Every structure is written in C-alpha cells, then in structure tokens.
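Contents: one structure, followed by commentary.
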Amino acid sequence: MTAPLLKVEDLRAYYRTRRGPIKAVDGVDLAVSPGEIFGIAGESGCGKSTLAKAMLRLQKPPAYIAGGSVRFGDTDIMELSEEALRRLRGGSLAYIPQSSMNALNPVMRVRDQIVDGIAAHESFSGEEMRERADRLLDSVGLPDRSGRMYPHELSGGMKQRAVIAIAIALGPKLVVADEPTTALDVVTQRGIVQALAGIKDRLGTSIILISHDLAVHAEIVDNLLVMYAGKVAEIGSVYDLFEDPLHPYSQVLAAAIPSIEERREIKGLAGQPPNLLTPPPGCRFEPRCPKAMPICKTKEPPLIEVAPGRRVACLLYGG
C-alpha cells in the first residue's frame, strides 16, 4: 500500500475569544495519497478553510493550533522552523486562497507576480523566469497578453487562473485549493475544475479541493471528506458518498442536489449549526438530525471504519 503524501491526525485549530476558544477544527483525521484529488465539503462555517490554513500553518491570530500532527511525507510540518516552512510552502506545498480578488497584488503585472514567486525559491535569469511565467499562464488557459496585464484588467475567472499559475510555478507535490470556484458562473467554474484536473494529469500533483459545492466534487475528486461543525462526519470515495451516503448529514447534502433524471422535492435542513464556543456534549449534528437517538445527546460518536476506505462518525453504525 502506498504511503500517504499528507497525513493529518487529531488536528485541532481554535480561535481565541474572551469567552473561551471557538473549536473551529476539533480532532480531524485525513490522509491524501500521491496523485489523488481529495475533496473537503460542508456548509459555510463548518471549518473547511480553517482546516486548510491549519494544515499549512497559515493561520493568523486569534486562530491557533491547539494540537495534532500534520506530516508531509517524512516531514512533521508542526515542528518546522519558520524558514524551513517558508521553503516548503510555495515549493513542495502550494496554496490557492479562497479569494483570488485579494490574492493578487493590484499594482504588479501578473507575469511579474509569478516571477517573484519563482525567484523566492530558485535562481534563473530574468528572461528564463519570464518565459517560464508565460508557459505557466498558457498551461492554465490564459492568453499571452494576460501576463502584461494588471489584476483589475482580468475577469474573475482569469484572476483565478492566474493564482493557480502562481501556485504551480515550482511544480508542487500538493496543492490546497480553497473554494477556487466560489463566485464564478458555472461555465467558468467548469474551466477552473478542468484546469485543476489538467494539473494533476500533467504534473502528478495531489490536490486538496475545498468546496461547499458537491457538484464540483462530483466532477473531479477521488475521495471526499464531509465536515460538520469542526468534525469529520464521513470519509469515502466520491462515488460511495453520492450513491450511498451513510451519515445523516451526508444524506441531506446528497438529497439537496437537483437531478436531471427524476423530478423530486429538494428539501433543506432545518435549524442552524451549533455554537462552537459551547458545542453540544454529544453528537454535534444531533439537534438537526432526522435520525437522532436519545444517546446522541450525550455520547460523541467516534470516527469508525465501516467498510474498506469508508469511515463515518455516527452512532447508527456502532461506537
């Protein structure tokens, strides 16, 4: 069995407040294999973006890492010095932030921003780096002229492609893409998804794709993790999670996707996610769960393996 490229164990990332810590990511386990596209899904506020930043130690105060480990190959990311971490990020590890509008420097041309990233890690002549930047822009589907443009001259989809080009400039082994299709129209979303799939195929890069949009995950990912209120609800192949979701929350999410094959009522989920400053003592989904049992109010469900490659945190399946 191939060793995971990235392994996260019991990762906890909290936010300090005067009333106590907000447990935004509270004991997450996951593993990403070489060449895999791994999806992370869940509604807004479930901890997806906090998890992404915590894995790369990109969190800013008042966020902090309360515990857990993140191993990238043989490297323990939590033990690295700031300088070693800087060399790793942008080189072997890359991050595509949630808002491309804010990720680009508004007063620098796009090509110069790519060159800056390359120059921070490798030494080439100026001409070599400019040629490399132009090839990167072409590889993500941007025209030649885009490298000479400023960010405000690009559309939203073009900005997102430019950020992707910066992220893959040094041929990373793993790219973490945080909501790369948010606020884009469906045609542009498809183009971004295809660009990410092309990166995996050309470079053999593993990708962690974070999105609340299950349709995006269905298009591209191999395995999917569903988060709820800072916890893992379910992990499995994307096929299994769409065809036979186990966790009641996963079932609700899958049922909310419109079908072109049959007419059915689209039902929402009543209630609100719990306050992560004072989460409920048992299952965090219990107040909204249509299949809740009395024990769910007091016992927290462990994440257990119910089939090869399938894990679920629900007392309906034991634990």
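Keep in mind it's a predicted model, so treat the numbers as computed, not measured. The figures that follow rest on heavy atoms only: side chains count, while hydrogens, waters and symmetry mates do not.
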Kindly compute the distance separating [atom1] ([X]) from [atom2] ([Y]), expressed to the nearest 0.5 Å.
X	Y	atom1	atom2	answer
Thr298	Met293	OG1	CE	10.0 Å
Gln98	Ile210	CD	CD1	8.5 Å
Gln251	Cys289	CD	SG	8.5 Å
Thr75	Leu6	OG1	CG	11.0 Å
Lys231	Leu276	NZ	CG	10.5 Å
Thr205	Lys200	OG1	NZ	10.5 Å

Between [Y] and [X], does any NZ, NE, NH1 or NH2 come within less than 4.0 Å of an OD or OE carboxylate oxygen?
X	Y	answer
Glu234	Arg310	yes
Arg190	Glu219	yes
Arg87	Glu83	yes

Can you see which heavy atom on [X] is nearest to which on [Y], and at what distance?
X	Y	value
Ile235	Asp29	CD1-O, 3.7 Å
Cys283	Pro287	O-CD, 4.1 Å
Met78	Ser69	CG-CA, 4.4 Å
Glu179	Ser211	OE1-CA, 3.4 Å
Ala54	Ile65	O-CD1, 3.6 Å
Ala41	Cys46	O-SG, 4.4 Å

Quick check on Glu127: does its CD atom have over 12 non-hydrogen neighbours (other residues, nucleotides or ligands) under 6.0 Å away? yes
Counting heavy atoms not belonging to Asp144, are there more than 12 under 6.0 Å from its CG? no
Could you state whether [X] and [Y] fall into the same hydrophobic cluster, counting links through intermediate Ile, Leu, Val, Met, Phe, Trp or Tyr residues with side-chain heavy atoms under 4.5 angstrom apart?
X	Y	result
Leu51	Tyr15	no
Val175	Leu93	no
Val221	Val186	no
Ile118	Ile199	yes
Ile114	Leu196	yes

Checking Asp244 against Tyr239: is there a side-chain donor and acceptor pair closer than 3.5 Å? no
Is any side-chain heavy atom of [Y] closer than 4.5 Å to one of [X]?
X	Y	result
Phe72	Lys173	yes
Leu246	Leu316	no
Ile96	Gln160	yes
Ile77	Met55	no
Glu286	Glu300	no
Arg89	Arg57	yes
Ile168	Ser139	yes
Thr181	Val193	yes

Is there a donor-acceptor pair under 3.5 Å between the side chain of [X] and the backbone N or O of [Y]?
X	Y	answer
Arg109	Arg148	yes
Glu122	Leu170	no
Ser206	Leu174	no
Arg311	Leu303	no
Arg288	Ala270	yes
Asp10	Gly68	no
Gln189	Val216	no
Arg284	Ala229	yes

Is the gap between the ring centers of Tyr228 and His247 under 6.0 Å? no
Within 45 degrees of the ring normal and closer than 6.0 Å to the centroid, is that where the cationic atom of Arg16 sits relative to Tyr64? yes
Candidate pair Leu224 and Leu214, rule side chain to side chain contact (heavy atoms under 4.5 Å, CB included), full reasoning: CA-CA 10 Å; Leu224 183 62; Leu214 288 183; 4.3 Å; yes
Only one of Leu154, Leu184, Val110 clears side-chain contact (heavy atoms from CB on, under 4.5 Å) with Lys159; which? Leu154
Quick one: sort the Tyr150 and His152 rings into parallel, tilted or perpendicular, breaks at 30° and 60°. parallel
For a side chain to side chain contact (heavy atoms under 4.5 Å, CB included) check, start with the C-alpha distance between Ile192 and Ile164, then their side-chain angles and the critical distance, and finish with the verdict. CA-CA 9 Å; Ile192 297 300; Ile164 292 172; 4.0 Å; yes
With sequence neighbours excluded, residues passing ring pair (Phe, Tyr, Trp, His ring centres under 6.0 Å) with His217: none
The test is side chain to side chain contact (heavy atoms under 4.5 Å, CB included); show your working for Thr50 and Tyr14 and say whether it passes. CA-CA 9 Å; Thr50 300; Tyr14 299 168; over 6 Å; no
Pairwise salt bridge (charged side-chain N to carboxylate O under 4.0 Å, His left out) hits with a residue in residues 271-280, at least two apart: none
Would you please test Phe38 and Ile40 for side chain to side chain contact (heavy atoms under 4.5 Å, CB included) and show each step? CA-CA 7 Å; Phe38 186 91; Ile40 300 176; 4.0 Å; yes
